[in-house]
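All values below come from the heavy atoms of this structure, side chains included, with hydrogens, waters and symmetry mates left out. This is a predicted model, so every value here is computed, not measured.
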Number of protein chains: 2
Amino acid sequence: MNSFTEENYLKSIYHLSVIDGETVSTNSIAAATHTKAASVTDMLKKLADKKLIHYAKYQGVSLTDTGKQIAIAIVRKHRLWEFFLVEKLNFKWDEVHELAEELEHITSAELVDRLDKFLDYPKYDPHGDPIPDNNGRFKQAELKPISALEVNTVGIIMGVREHAPAFLQHLEKIGLTIGNQIQLTEIADYDHSVTLNLNNNKTINISRDVAKNILVSI
Amino acid sequence: MNSFTEENYLKSIYHLSVIDGETVSTNSIAAATHTKAASVTDMLKKLADKKLIHYAKYQGVSLTDTGKQIAIAIVRKHRLWEFFLVEKLNFKWDEVHELAEELEHITSAELVDRLDKFLDYPKYDPHGDPIPDNNGRFKQAELKPISALEVNTVGIIMGVREHAPAFLQHLEKIGLTIGNQIQLTEIADYDHSVTLNLNNNKTINISRDVAKNILVSI
DNA sequence: AGATAAATTTAGATGAGTCTAAAAAAATGA
DNA sequence: TCATTTTTTTAGACTCATCTAAATTTATCT
């Protein structure tokens, strides 16, 4: 079996490869796992020995099929537990990420599948991320950050790129959450901040940084 | 915070002190944690430094108030998760112990209390063990092993002393489970095996070893 | 291309938790 | 009681995951 730590490396490599493309750098893994590059190198050798990653010195890494399968299984667990925490235990969406970081390492595959059934096979977690099925299959809906929309575009908020509680609490505070319909009415030339019309007729202004981290379907 | 490993030692010491009385021996802890006595001694020093146990060389150990509080919190989590697994995810009572051994180490106290509420504050887990409330309080019902009953006594099965899947599966097989009413009709002189009448009018015979591990209220 | 900067790897050390083997203390029993 | 057995502790070593500091490789820039 793979240790808690090995699982976290695989998960980080997976997430980074989705964002940064096929191969992932040692430094980016160090940043994601809150460790130092030297520690990452040690672990990469170990994961390569186990044939969970493709690794050539100085060349970055990518997951093998087996490694990817394990990573996706962890992501599945993480998102199902998040859904459970919000839907059944009434946690708020900004409270569940840390908890799911622990729960995702519970080993039993049987448990995950039963949890999935109990929750009635949800397709998306509370942050709008797709939940892989028990074969690891899922489709990422075609989403764009608000920062990439043109003026007058209408969209529905489907997810976020940033899961930090501070960010999610900020969204709560300005009145944005998953499912909201928004229309982009203006992009400021000066700072690229964005003005949105909500369908409760309120108008709000968000910074480019915030706009980059909110994903919509159009 | 305390590590996964430290928590398991505290839990083991707690369980052993319930069975064996106030102070617990190094060897019994080694057996309970599947380690060697030398490893236990090392850990006892560490737990004593943290003031979680009272420890004097060669004299056995007992939990401090703090240590006991932590141990009971772990027991509470273990039993709540077992209840969840059986009641909500439809696991069988012999399947949940191992899973709960992992789940009991999830740290959040908030999570446990919300789980408790979600489950509607259950008083007993699937094996009949009492679930401590969020102040660590619980009452152990007055239970006797069947092996301690006299002939003709009627009782209701309330719990088991042994949680190994093999034992629980054996009970399933011979038709005994929690809530069953039984009447002890005979104790064999030869091997102390016991004959029981169930309230479906079936009669079964169980060995003394099995009788010692089934707890009834009379 | 050559110099400098950045990224990565190696070398050697640390702490947690475990082990075996040997020493020390406590319990047992003739 | 005192010799023997059992229990417990000490001593020293190992693995895992981490670190810092130094060396090496790759990338970048003029």
Side-chain angles (χ1 to χ4, degrees), chain A residues 1-14 16-17 19-63 67 70-71 74 101-102 104-105 107, chain B residues 1-14 16-17 19-63 67 70-71 74 101-102 104-105 107:
Chain A
M1 259 302 84
N2 305 298
S3 71
F4 192 101
T5 310
E6 289 168 329
E7 288 193 353
N8 278 333
Y9 274 89
L10 291 175
K11 183 186 60 165
S12 293
I13 295 168
Y14 174 75
L16 290 166
S17 72
I19 300 166
D20 298 350
E22 191 61 9
T23 72
V24 175
S25 74
T26 300
N27 265 354
S28 62
I29 298 169
T33 55
H34 304 107
T35 58
K36 297 299 159 71
S39 313
V40 173
T41 300
D42 285 347
M43 181 56 83
L44 294 184
K45 287 177 189 165
K46 199 171 153 190
L47 294 174
D49 284 349
K50 288 186 160 195
K51 305 220 184 299
L52 299 175
I53 59 171
H54 299 293
Y55 173 54
K57 270 189 199 176
Y58 297 103
Q59 305 303 303
V61 295
S62 61
L63 294 171
I70 294 168
I74 298 163
E101 292 283 300
E102 289 189 63
E104 73 190 8
H105 298 289
T107 46
Chain B
M1 258 302 84
N2 306 297
S3 72
F4 192 102
T5 310
E6 288 167 331
E7 288 193 352
N8 278 334
Y9 274 89
L10 292 174
K11 183 185 61 165
S12 293
I13 294 168
Y14 173 77
L16 290 167
S17 72
I19 300 166
D20 298 351
E22 192 61 8
T23 72
V24 175
S25 74
T26 301
N27 264 355
S28 64
I29 298 169
T33 55
H34 304 107
T35 58
K36 297 299 159 71
S39 312
V40 174
T41 300
D42 286 346
M43 181 56 83
L44 294 184
K45 287 177 189 163
K46 198 171 153 191
L47 294 174
D49 284 348
K50 288 188 161 194
K51 305 218 185 300
L52 300 175
I53 59 171
H54 299 292
Y55 172 55
K57 271 189 198 176
Y58 297 104
Q59 305 302 303
V61 295
S62 60
L63 293 171
I70 294 169
I74 298 163
E101 291 284 300
E102 290 188 64
E104 72 190 8
H105 299 290
T107 46

Check: Heavy-atom distance under 4.5 Å between the side chains of Thr41(B) and Tyr55(B), does that happen here?
Finding: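 When only atoms from C-beta onward are counted, Tyr55(B) and Thr41(B) do touch, with a gap below 4.5 Å.
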Next item on the list: Please examine the side chains of Lys11(A) and Glu101(A), heavy atoms only from C-beta on, and report whether any two atoms are closer than 4.5 Å.
Entry: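 A side-chain contact exists here, since the closest heavy-atom pair is under 4.5 Å.
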Could you state the [atom1]-[atom2] distance from [X] to [N], rounded to the nearest angstrom?
X        : N       : atom1 : atom2 : value
Asn8(A)  : dT18(D) : CG    : C1'   : 14 Å
Met43(A) : dT10(C) : CE    : C1'   : 17 Å
Asp42(A) : dG12(C) : CG    : C1'   : 11 Å
Lys50(A) : dC16(D) : NZ    : P     : 9 Å
Leu44(A) : dT10(C) : CG    : C1'   : 14 Å

Next item on the list: Spell out protein contact along nucleotides 20-26 of chain D as letters: B when the base is contacted, S when just the sugar-phosphate is, - when no protein heavy atom is under 4.0 Å; keep the 5' to 3' order.
Entry: BB--BSS
Note to self: Ignoring hydrogens, what is the shortest heavy-atom contact between Ile13(A) and Val24(A)? Give both atom names and the distance.
What the structure shows: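 Here Ile13(A) and Val24(A) meet closest at O-CG2, 3.9 Å.
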Next item on the list: Compare every heavy atom of Thr33(B) with every heavy atom of Ser12(B), then report the nearest pair and how far apart it is.
Entry: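 Scanning both residues completely, I find the closest heavy atoms to be OG-CG2, 3.5 Å.
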Notebook entry, point to check: Base, sugar-phosphate alone, or nothing: which one does Thr41(B) contact when heavy atoms must sit under 4.0 Å apart?
Noted result: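 Here Thr41(B) touches the bases of the nucleic acid.
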Margin query: What contact category does Tyr55(B) fall into here, base, sugar-phosphate, or nothing, at under 4.0 angstrom with non-hydrogen atoms?
Written below: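 Since only primed, P, OP1 and OP2 atoms lie under 4.0 Å of Tyr55(B), the category is sugar-phosphate.
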Under 4.0 angstrom between [X] side-chain N/O and [N] OP1 or OP2:
X        : N       : answer
Thr26(B) : dT9(D)  : yes
Asn27(B) : dT8(D)  : yes
Tyr9(A)  : dC16(D) : no

Item checked: Contact nearer the 5' end of DNA chain D, comparing Thr35(A) with Ala37(B) ->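 This one resolves to Ala37(B).
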Notebook entry, point to check: Is there a donor-acceptor pair under 3.5 Å between the side chain of Glu102(B) and the backbone N or O of Thr107(A)?
Noted result: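 Between the backbone of Thr107(A) and the side chain of Glu102(B) there is a qualifying donor-acceptor contact (under 3.5 Å).
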Next item on the list: Check side chain to side chain donor-acceptor pair (under 3.5 Å) between Ser39(A) and all other residues, then give those that pass, not counting sequence neighbours.
Entry: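 Side chain to side chain donor-acceptor pair (under 3.5 Å) list for Ser39(A), sorted by chain: empty.
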Note to self: More than 12 heavy atoms of other residues, nucleotides or ligands under 6.0 Å from NZ of Lys51(A): yes or no?
What the structure shows: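 Counting neighbours around NZ of Lys51(A), 12 or fewer heavy atoms of other residues, nucleotides or ligands fall under 6.0 Å, so no.
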